[in-house]
**Q** 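Below you will find the structure I want to go over with you.
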Number of protein chains: 2
Amino acid sequence: MFESVTIKDIAKALGVSTSTVSRALNGSYEIGTETKKLVLEYAEKINYRPNPIALSLKEQKSHSIGVVVCEVANDYFSQAINGIESIAYNRGYHVIITQTHESFDRESANVKHLLSRHVDGLLVSLAAQTTDTSQYKYLLDKGFPIVFFDRAAPDLNTHKVVADNFQGSFNGTETLINSGFAKIAHLTNSNNLLISHERFDGYKAALDKHGIELRPEYIKHCNHGGMIQDEVELVLKELMALDDRPEAIFIGSDRLTISSMSILKKWGFKVPGDIAIAGFTNSDVVELFDPPLTVIRQPAFQIGQMATEMLIKTIESKWPVEEFTTEKVDTQLIVRSSSNKA
Amino acid sequence: MFESVTIKDIAKALGVSTSTVSRALNGSYEIGTETKKLVLEYAEKINYRPNPIALSLKEQKSHSIGVVVCEVANDYFSQAINGIESIAYNRGYHVIITQTHESFDRESANVKHLLSRHVDGLLVSLAAQTTDTSQYKYLLDKGFPIVFFDRAAPDLNTHKVVADNFQGSFNGTETLINSGFAKIAHLTNSNNLLISHERFDGYKAALDKHGIELRPEYIKHCNHGGMIQDEVELVLKELMALDDRPEAIFIGSDRLTISSMSILKKWGFKVPGDIAIAGFTNSDVVELFDPPLTVIRQPAFQIGQMATEMLIKTIESKWPVEEFTTEKVDTQLIVRSSSNKA
DNA sequence: CTGAAAGCGCTAACAC
DNA sequence: GTGTTAGCGCTTTCAG
């Protein structure tokens with residue numbers, strides 16, 4: 001089970017050559033039915049398992065895929081990883097997870113590290129601080145398989161799996177509007193991220209539809225994606241100190257939604273009395289919050305699965321893949337009381 | 001960066017043999033200072049990275065460690081994995097994560113799978129349904145490195161990193177007693193798990209200390225660790241339908257704490273008015289719950305780190321390790337209002 | 001001090 | 001239908 005049997009052991013035991021064993025094991029045509037049966041039975045009996053490392057060396061593939069995310073301890077990403085793992089496992093790939101903590105340097109180092117480990121492909125969700133995607137471009141140009149999920153690079157031509165951020169954001173914002181709010185702020189992730197733009201656009205479109213003017217002072221970004229508590233506190237303070245303070249906030253990031261709630265409550269603001277809230281998050285427990293949160297939820301598990309399937313297909317493709325698709329999946333709006341007018 | 005340079009390329013370019021290059025790269029003594037410098041500089045220049053797969057084949061080590069947990073999308077485990085990853089990454093190991101979903105069969109298959117991938121060691125937290133630990137015994141007897149964390153097998157002699165479950169449970173239960181409750185139920189994970197016993201013991205000790213009699217009908221187990229919603233609902237229903245209904249519940253599992261809250265609220269029970277609650281969980285957002293939860297929190301990140309350090313030390317030990325330690329780390333009690341008398 | 005060669009486990013020409 | 005052999009990238013005797 002642990003000290004493994006090799007093809008050689010089988011060959012010796014059966015008095016045949018290693019290539020015969022190899023052929024039998026791989027179901028080759030050019031082999032005697034008798035010999036084949038013999039080998040297969042013996043292999044089964046001694047519980048032979050091919051050495052994946054030797055295979056990798058030979059085939060120049062590692063049967064592993066690298067994952068780059070900002071952090072594991074985040075509901076969205078842990079659910080996505082769950083999806084990734086479920087597909088990868090079935091397809092005989094293993095998954096190497098790395099975390100950027102939203103830093104470009106860590107991201108870059110992680111990619112290098114994964115490459116030096118000869119992963120067969122990469123599943124990437126960009127860090128909030130990343131603006132330079134040239135390393136991905138370089139790899140893609142060489143035909144290296146990369147699939148982006150959630151946080152994709154707009155200018156790179158490859159497979160992507162993303163949520164319908166525009167629509168999700170639109171729906172969330174409109175929920176606040178329908179509650180009777182007009183002064184709605186928007187707190188979101190770094191401007192570097194495409195998802196931030198899309199979510200901003202959705203927010204803006206909802207305001208537009210209802211004839212509400214956009215106010216620049218109501219738009220706030222956290223460039224560290226909420227990893228730095230002080231940054232979040234700062235922008236919230238600015239928002240709440242405004243002469244014409246917003247009555248509601250639509251939040252465009254999982255982490256920010258949770259931490260904003262926490263900070264606002266800490267400061268003694270009543271939600272939704274003083275300030276109503278709705279935002280993106282994949283946490284399943286927000287229904288237990290006081291107040292229960294109105295959220296936009298993404299199908300993280302499926303996104304992980306889809307991205308992995310696309311990646312493995314690309315990896316195993318006989319021909320260089322030139323046609324890339326962007327899968328856009330629907331988000332889910334769950335209305336609870338945090339978005340109500342008091 | 002992606003199509004890698006080999007030792008051979010360097011040898012050819014410099015007009016030396018591959019063994020010379022290898023020696024230079026590995027800082028061997030038996031090599032000319034000149035040659036060494038030349039090789040090192042050239043390798044640096046063309047950004048040479050050794051092929052880890054070839055190394056693995058040669059050394060018969062994969063520089064990877066396998067992780068077996070019930071699920072990733074769980075606050076405790078995602079935090080622990082974060083810790084595992086942080087150490088492993090620095091030590092040049094990569095981490096392969098597998099999930100049991102609390103099933104023994106999945107656990108067993110995962111271990112086999114990891115072994116066939118030639119991981120150098122295993123980091124295991126047992127599934128709720130596991131009773132048979134013979135496969136670990138078999139491996140340990142052969143000297144294969146395994147470190148258990150959180151959910152350890154009591155009868156196996158190897159390194160373990162666990163929380164002080166007894167004390168944590170004692171503290172949590174005593175908090176409820178101090179709030180003025182005497183009718184305190186205990187809802188916990190499968191009896192198969194050692195942690196369930198330890199947490200039960202802590203619960204019992206707290207009752208004992210305060211002269212409260214233990215009632216068998218107040219003790220409930222979920223053998224699927226909360227993975228099956230119906231199971232949790234069933235035992236809660238039994239508890240709440242008791243003639244002499246408990247006034248409080250102390251819950252011995254992360255997942256159960258959250259899902260009990262959710263179910264009880266769904267059924268319209270006031271917490272803590274109708275039923276007070278305290279329990280183990282590593283969720284950071286329970287302070288935002290209605291009511292904020294009184295919890296026992298484990299240092300999951302550190303537990304992950306410690307376990308990984310112990311494992312790597314064992315893997316890299318020159319001599320068979322015979323002396324095993326069990327590290328017990330303190331839990332943290334955070335009292336909030338869910339445990340109050342109304 | 002350096003080169004040649006074997007070998008880690010496996011596959012795939014190439015012989016016979 | 002089966003055996004022999006080279007080679008994937010690297011380390012490590014063994015010669016010299």
Side-chain angles (χ1 to χ4, degrees), chain A residues 1-40 42-43 46-64 92 115-120 316 318, chain B residues 1-40 42-43 46-64 92 115-120 316 318:
Chain A
M1 185 177 201
F2 149 46
E3 50 202 14
S4 41
V5 212
T6 74
I7 213 173
K8 224 177 192 168
D9 299 325
I10 304 185
K12 199 178 295 170
L14 264 46
V16 297
S17 77
T18 57
S19 41
T20 301
V21 178
S22 172
R23 275 190 279 253
L25 258 19
N26 293 301
S28 166
Y29 287 105
E30 40 174 3
I31 192 162
T33 330
E34 272 305 287
T35 331
K36 188 168 175 179
K37 202 175 140 216
L38 214 64
V39 172
L40 254 29
Y42 186 71
I46 64 171
N47 194 27
Y48 166 80
R49 299 268 168 264
N51 181 333
I53 298 172
L55 272 174
S56 297
L57 220 212
K58 183 77 195 162
E59 299 174 5
Q60 300 289 56
K61 327 196 87 225
S62 62
H63 285 275
S64 63
L115 253 29
S116 83
R117 291 229 166 254
H118 287 229
V119 292
D120 296 336
E316 296 183 348
K318 299 280 181 206
Chain B
M1 184 177 203
F2 150 43
E3 50 202 15
S4 40
V5 213
T6 75
I7 214 174
K8 226 178 193 167
D9 300 324
I10 304 184
K12 201 178 294 169
L14 263 43
V16 296
S17 75
T18 57
S19 34
T20 301
V21 177
S22 172
R23 277 189 276 252
L25 257 19
N26 293 301
S28 165
Y29 287 104
E30 40 172 5
I31 193 164
T33 331
E34 274 304 286
T35 332
K36 187 170 177 179
K37 203 177 137 212
L38 214 65
V39 172
L40 254 28
Y42 185 71
I46 63 171
N47 194 27
Y48 167 78
R49 298 267 168 267
N51 181 332
I53 298 172
L55 274 174
S56 298
L57 220 211
K58 184 74 196 164
E59 298 174 6
Q60 299 289 56
K61 328 196 85 222
S62 62
H63 285 275
S64 62
L115 251 31
S116 83
R117 289 229 167 256
H118 286 228
V119 293
D120 297 335
E316 296 183 347
K318 298 281 180 204

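Lettering follows sequence order; numbering is per chain, from 1. All values derive from a computational prediction rather than experimental measurement.
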**Q** Select base, sugar-phosphate, or nothing to describe what Ser56(A) touches, counting heavy atoms under 4.0 Å on all strands.
**A** nothing
**Q** From the options dC8(D), dT11(C), dC10(D), select the nucleotide whose nearest atom is closest to the side chain of Thr18(A).
**A** dT11(C)
**Q** Hey, does Thr6(B) reach any base, or is it just sugar-phosphate, or nothing, if we go heavy atoms under 4.0 Å?
**A** sugar-phosphate
**Q** Do Leu25(A) and Val39(A) have side-chain heavy atoms sitting under 4.5 Å apart?
**A** yes
**Q** Starting at atom NZ of Lys61(A), determine the distance to atom C1' of dT11(C), rounded to an integer number of angstrom.
**A** 16 Å
**Q** Mind checking if Tyr29(B) touches a base, just sugar-phosphate, or nothing, with heavy atoms under 4.0 Å?
**A** nothing
**Q** Would you say Gln60(A) places a side-chain N or O within less than 4.0 Å of OP1 or OP2 belonging to dG7(D)?
**A** no
**Q** Verify the contact: side-chain N or O of Asn26(A) to OP1 or OP2 of dT11(C), cut-off strictly under 4.0 Å; return yes or no.
**A** yes
**Q** His63(B) has an atom NE2; how far is it from atom P of dC10(D), in whole Å?
**A** 14 Å
**Q** Taking atom P of dT11(D) as reference, at what distance in whole Å does atom CD1 of Ile7(B) sit?
**A** 5 Å
**Q** Using five base pairs at each end to define the local axes, how bent is the helix from dC1(C)-dG16(D) to dC16(C)-dG1(D), to the nearest 10°?
**A** 60°
**Q** Using a cut-off of strictly less than 4.0 Å, decide whether Lys8(B) has a side-chain nitrogen or oxygen near OP1 or OP2 of dC8(D).
**A** yes
**Q** Do Ser19(A) and dT4(D) have a side chain to base donor-acceptor pair shorter than 3.5 Å?
**A** yes
**Q** Can you identify which nucleotide, out of dC14(C), dG3(C), dG9(C), has its nearest atom closest to the Arg23(A) side chain?
**A** dC14(C)
**Q** Within the structure, does a side-chain N or O atom of Tyr48(A) lie under 4.0 Å from either OP1 or OP2 of dG9(C)?
**A** no
**Q** Of all the choices, dG3(C), dC10(C), dT4(D), which nucleotide is nearest to the side chain of Pro50(A) once you look at every atom?
**A** dC10(C)
**Q** If you take atom types as modelled and just measure distance, does the side chain of Ser22(A) reach the base of dA12(C) with a donor-acceptor pair under 3.5 Å?
**A** no
**Q** Would you indicate which nucleotide in dT11(C), dT2(D), dG9(D) comes nearest to any side-chain atom of Thr20(A)?
**A** dT2(D)
**Q** Would you indicate, yes or no, if dT2(C) has its OP1 or OP2 atom less than 4.0 angstrom from a side-chain nitrogen or oxygen of Thr35(B)?
**A** yes
